[in-house]
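Below, chain A is the first sequence line, B the second, and so on; all start at residue 1.
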Number of protein chains: 2
Amino acid sequence: MDYNSKQIEILNVSLKLFAEKGFDGTSIRDIAKAADINVAMVSYYFGSKEKLLEAIVLYRVSGFRMILENLQFEEITPIEKIKKFVALYVTKLFQNKDFYQIIHFEIVNQKRACDFSAFSEIKKKNLLLLENIIAEGQKAGVFKANCNSLLIPALVIGTFSQIHNNKKFYIEMMNLKDEVEFEKYMLNDFKEEITNVVLGMLIK
Amino acid sequence: MDYNSKQIEILNVSLKLFAEKGFDGTSIRDIAKAADINVAMVSYYFGSKEKLLEAIVLYRVSGFRMILENLQFEEITPIEKIKKFVALYVTKLFQNKDFYQIIHFEIVNQKRACDFSAFSEIKKKNLLLLENIIAEGQKAGVFKANCNSLLIPALVIGTFSQIHNNKKFYIEMMNLKDEVEFEKYMLNDFKEEITNVVLGMLIK
DNA sequence: GACAAAATTAAACAATCGTTTAATTTAAAC
DNA sequence: GTTTAAATTAAACGATTGTTTAATTTTGTC
């Protein structure tokens with residue numbers, strides 16, 4: 001799939017709108033207005049609104065080229081690898097939060113006949129990588145024998161989403177002055193805190 | 001607010017449908033069909049579709065009578081209190097997962113002019129209770145001095161939601177045989193695992 | 001500059017949306 | 001049994017939905 005600049009504009013605009021207002025809450029006319037195009041262009045380029053959603057998913061997933069994969073071959077301790085793993089994960093969540101917002105709603109909301117297997121495959125690969133790091137740490141005698149690796153990505157993604165979705169609540173509770181400070185918190189303090197939680201689950 | 005049995009039926013049916021297909025993805029005719037009523041009855045009883053959503057929120061929140069509050073006065077150690085706190089939290093999440101599904105989407109999706117302050121107030125009260133337990137544990141010398149109490153409910157709710165929203169993925173990854181086994185996992189093993197994570201964050 | 005393909009447009013399409021109407025049935029009160 | 005209010009209904013309302021049409025403009029090619 002190679003899209004021209006106008007198609008990419010449509011993909012980005014509708015990604016943002018779908019994340020903000022939901023797929024059903026966003027009309028093609030909303031998209032057309034925001035992307036400054038005619039209503040017919042979505043059907044013309046993508047076939048239908050639902051196919052546009054599929055195009056968004058494929059477009060973003062294909063951009064998910066595993067930054068994580070290189071971790072395997074770095075010559076650092078398992079603990080350092082876990083730190084990097086979580087840090088990269090949080091950064092990626094932050095950069096793609098709109099995408100995650102959409103996809104997680106659409107996965108629950110099984111209404112759409114949308115294929116998310118490409119997304120599942122990436123999750124499986126990430127999980128396998130994590131298991132390898134943990135096994136490495138167990139072999140080295142620094143990690144506990146019994147730890148549920150499946151819980152870790154769920155914990156990182158879930159906690160991140162939970163806080164980000166309730167942004168206003170947490171800005172108030174943490175006495176932050178604006179959204180900029182909140183985003184700084186997520187990329188710095190939160191990243192560190194959640195890393196420590198994960199390390200606490202693993203280290204003996 | 002006291003609703004008759006027919007109104008409660010509408011509230012329950014639309015709660016389920018909104019959780020499954022989203023607010024915008026559910027039509028009043030869908031609700032009417034599922035609740036076996038005429039389409040006009042929703043407007044007749046609740047005024048509008050949006051007011052029905054508000055009624056659902058108020059109806060469920062009012063039922064959220066703090067089981068947690070009694071924890072304060074129990075004569076058990078802070079560690080036991082945290083264990084009970086998390087266990088009650090997970091149970092409540094499980095029982096109200098449809099409601100959480102709706103409210104979390106609607107909080108992000110600021111489209112609706114819906115008042116969720118009643119929900120925020122409950123969250124604040126729960127947070128205060130948790131802070132008291134933690135302070136108690138710190139005074140007793142069993143909990144760390146620096147721990148972000150705000151992170152704990154986010155972690156419990158977030159991880160729970162993340163796993164529950166990706167039910168199919170986790171059933172496959174955990175080699176569970178059906179949804180019944182999955183629900184058992186959530187109420188037993190998961191509850192224990194997430195409790196240990198929280199305790200790991202707190203205990204010295 | 002003529003031609004063909006692609007891009008873009010405004011208009012119309014039928015379907016569905018939430019809501020209202022006005023008529024009818026049911027229930028309760030006396 | 002009559003009266004009155006509440007509950008329920010089918011039908012219609014105008015607005016909006018996703019999509020298609022057919023006409024027009026733009027673009028690229030020779």
Would you say the ring centroid of Y170(A) lies under 6.0 angstrom from that of H164(A)?
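No: the rings miss the under 6.0 Å criterion.
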Going by the side chain to side chain donor-acceptor pair (under 3.5 Å) test, which pairs reach into residues 143-160 of chain A, not counting sequence neighbours?
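Those involving residues 143-160 of chain A are E131(A)-S149(A), N148(A)-E193(B).
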Under a 3.5 Å cutoff, is there a donor and acceptor pairing between the side chains of K191(B) and T91(B)?
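Per modelled atom types, K191(B) and T91(B) side chains form a pair under 3.5 Å.
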Mind calculating the distance between CZ (R112(B)) and C1' (dG18(C)) to the nearest angstrom?
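It works out to 13 Å between those atoms.
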Could you check whether any side-chain N or O of K49(B) sits under 3.5 Å from a backbone N or O of T26(B), counting only pairs where one atom can act as donor and the other as acceptor?
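Looks like yes, one N/O pair under 3.5 Å.
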Should the pair F46(A) and Y3(A) be assigned to parallel (<30°), tilted (30 to 60°) or perpendicular (>60°) ring geometry?
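It falls in the tilted class, 30° to 60°.
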Summarise how protein sits on nucleotides 6-18 of chain D as a single string, 5' to 3': B when a protein heavy atom is under 4.0 Å from the base, S for sugar-phosphate-only contact, - for no contact.
SBBBB-B----BB
